[in-house]
Visitor: 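What follows is a single structure, and I will ask about it in a moment.
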Amino acid sequence: MPQTEDLHQESFATLHKILTESGPSPVLLLSGEPGSGRAGTLDAAVRQAQITLLRLDLDGYEEGPEGLLGFLSLWGQRHEAETDEAAAERLEKVAELAGEMTPSMASAILVAILLSQDGQLADSSGDPCESTRRILDRLAGAGRLVLHVADSAQLDAVSRRWLLDEVARNPRIVLAFSCHPNDLNVSVASDAQVRRLELEHPESEGAVHLEPVRDLLSRSDLQAADQIGRFLDLAALCGRNVPCDVLLAHLEVTTEQREALLDLIDEELVEEGEHRLFVDHQYGHPSFPGLLVYSFLRPALNQSLLADVPRDKRKRLAAELLDFVRNHVPIATRGVARLFVQLAEQTGDSKEREPYLRLLRWWVSPGDLEGLTAAVTQELETGKTPPEALLEITDRASGIWPPPHRLALLAALSAEEISRPLQADTHYLRAGLLRESGQPKEALREATWHWRRPRKCMDRRAVLAARSSP
């Protein structure tokens, strides 16, 4: 088997060739674990080709009136050490613009681009999609432009489709997705467009990253070393963001032990110095309201810790933590949904990820509901999503998405040829959602659709629920 360094050199050479060859631009899939060198390899190839790179990192964007401002605040925390006077001034101007935008994924994409590029604020007025198009066209005017999505799971189906359409419209734009090795091409882009490159984590880097941690463990007393070690094992499973309160509750530490452990972690692993692993967001991470959250300083640190946990132990710890999180943390934000994706992946069962990935793909902004229906209809027609999965997500999303959002999902299913039991479930769910939306007559009509063909008691419950509407 080729060495990891050889694989990276091969990927670099392939990327450089793609970026410099003439013809339509493909969609690049940089497949690998976080910390595997996906971004670094792309950066090196882009510099060598002397073209422009835009990195799109949407971690921390959430729905709601404070979604864009929370996203900006998180960006400021992560880049505090490298923020000079000019960058601080740009952040302030972008915040003023964001305060006037309607919160949406399209707005978040525009804000992320404005944060990463000087001199683009003049193109940012009006519809966010149009503004983003103007900026992309301007940056690609003198040559190729690479737009790198740092994590493919951060994009919903409507935004992903829009970016793919932009690439088709402007052949000078190269769209690159960093994705997990288990992600299929069809979950990101069509096979005809895709050039996939596999990258592996350079194992030789792990020892360097972990040496300060091992030194800390050797200096600590037995109880503290055991607790820190167990905390870091769980933190590595969580991916980029680490909900400390959740992990400490799972470890069942006492209040006194919790405070002592957090003080030690803050002193040794959060403050500036050679031991630093984390950025401390305290209780201000928009994806984890009310929770103390760290994020890894670099993806490679997370991956090195993860690689140090034996595979069987990793699967067991992930399964236990996933079960704990399911029972104690509601999926109320995109960030929490990605935490579920990460933990499910570490269990070793790739099928565990699918419901949460689908949840993220269909978690669109209110203005994109028609686009959601179209995207899900396409998934149903091509067999990427079975009707059963759609109904399951619609049911599970109660309390996460408002009724109009879930009705948009069911609208995609209405034209499908489905079995009689699924038809009954569909009308039952739609009746309940219409009732919640304040449409009692429509709810009653849905509930009685199957009444003349008695099959399930759930239909009778739907009728009673619809009739009880005010």
Visitor: When the ring planes of His285 and His281 are compared, do they come out parallel, tilted or perpendicular, using 30° and 60° as the limits?
Guide: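 Because their plane-to-plane angle is over 60°, the rings of His285 and His281 count as perpendicular.
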Visitor: Give a yes or no on whether the backbone of Gly32 and the side-chain of Arg38 come within a donor-acceptor separation of less than 3.5 Å.
Guide: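 Yes.
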Visitor: Find out whether Thr52 and Val146 are in side-chain contact, i.e. whether some heavy atom of one side chain is under 4.5 Å from a heavy atom of the other.
Guide: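 Side chain of Thr52 against side chain of Val146, heavy atoms only: no contact under 4.5 Å found.
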Visitor: Taking the side chain as C-beta and beyond, is there a heavy-atom pair between Asp57 and Asp151 under 4.5 Å?
Guide: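 Sidechains of Asp151 and Asp57: no contact.
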Visitor: Within the structure provided, determine whether Trp362 and Thr385 are in side-chain contact (heavy-atom separation under 4.5 Å).
Guide: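 Touching, per the 4.5 Å side-chain cut-off.
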Visitor: Can you tell me if CD on Gln50 sees more than 12 non-hydrogen neighbours from other groups inside 6.0 Å?
Guide: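 12 or below, so no.
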Visitor: Please assess Glu352 against Arg326 for the test salt bridge (Lys or Arg N to Asp or Glu O under 4.0 Å), listing each intermediate value before the final yes or no.
Guide: CA-CA 13 Å; Glu352 284 274 3; Arg326 279 173 176 156; 2.7 Å; yes
Visitor: Tell me whether Tyr61 contacts the main-chain N or O of Ser107 through its side chain, where contact means a donor paired with an acceptor under 3.5 Å.
Guide: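 It does not hold such a pair.
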Visitor: Using side-chain heavy atoms (C-beta onward) and a distance below 4.5 Å, is Leu74 in contact with Pro286?
Guide: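 Yes, at least one pair of side-chain atoms sits under 4.5 Å.
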Visitor: Is there side-chain contact between Leu58 and Val149, with heavy atoms separated by less than 4.5 Å?
Guide: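 No, too far: nothing below the 4.5 Å cut-off.
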Visitor: A side-chain contact here means heavy atoms from C-beta on lying under 4.5 Å apart; do Arg314 and Val309 qualify?
Guide: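 Yes; the side chains approach each other to less than 4.5 Å.
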Visitor: Arg78 and Asp59: salt bridge (Lys or Arg N to Asp or Glu O under 4.0 Å), yes or no, with the steps?
Guide: CA-CA 11 Å; Arg78 284 191 169 135; Asp59 183 63; 2.8 Å; yes
Visitor: Is there a donor-acceptor contact under 3.5 Å linking the side chains of His16 and Gln48?
Guide: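 Gln48 and His16 do not have a side-chain donor-acceptor pair below 3.5 Å.
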Visitor: Main chain of Ala140, side chain of Arg172: is a donor-acceptor contact present, judged purely on distance under 3.5 Å?
Guide: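 Side chain of Arg172 to backbone of Ala140, a donor-acceptor pair under 3.5 Å: yes, one is there.
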Visitor: Walk me through it: do Val246 and Phe324 pass the test side-chain contact (heavy atoms from CB on, under 4.5 Å)?
Guide: CA-CA 9 Å; Val246 176; Phe324 181 85; 4.1 Å; yes
Visitor: Check whether any side-chain N or O of Arg276 sits under 3.5 Å from a backbone N or O of Val270 as a donor-acceptor pair, and report yes or no.
Guide: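 Yes: the side chain of Arg276 pairs with the backbone of Val270.
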Visitor: Would you check, one step at a time, whether the test salt bridge (Lys or Arg N to Asp or Glu O under 4.0 Å) holds for Arg358 with Glu392?
Guide: CA-CA 11 Å; Arg358 192 174 289 116; Glu392 182 182 7; 5.9 Å; no
Visitor: Do Leu155 and Phe177 come within less than 4.5 Å of each other through their side chains, counting heavy atoms only?
Guide: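 Yes, their side chains come closer than 4.5 Å.
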Visitor: For the backbone of Met105 and the side chain of Ser365, can you confirm whether one donor and one acceptor N or O come within less than 3.5 Å of each other?
Guide: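 Indeed, once roles are kept as given, a pair shorter than 3.5 Å links the two residues.
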Visitor: Should Glu130 and Arg133 be marked as a salt bridge (Lys or Arg N to Asp or Glu O under 4.0 Å) after you check the CA-CA gap, both sets of side-chain angles, and the distance that decides it?
Guide: CA-CA 5 Å; Glu130 290 295 332; Arg133 180 177 294 119; 2.8 Å; yes
Visitor: If you measure from CZ on Phe340 to CG on Leu357, what distance do you get to the nearest 0.5 Å?
Guide: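 The distance works out to 13.5 Å.
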Visitor: Testing the 3.5 Å rule here: is there a donor-acceptor pair between the side chains of Ser31 and His180?
Guide: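 No pair is found: no donor N or O on one side chain lies under 3.5 Å from an acceptor on the other.
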Visitor: Using a 4.5 Å cut-off on heavy atoms from C-beta on, say whether the side chain of Thr41 contacts that of Leu197.
Guide: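 Of all side-chain heavy-atom pairs linking Thr41 with Leu197, none is under 4.5 Å.
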Visitor: Under 3.5 Å, side chain of Arg406 to main-chain N/O of Trp401, donor-acceptor pair present?
Guide: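 Side chain of Arg406 to backbone of Trp401, a donor-acceptor pair under 3.5 Å: no, none is there.
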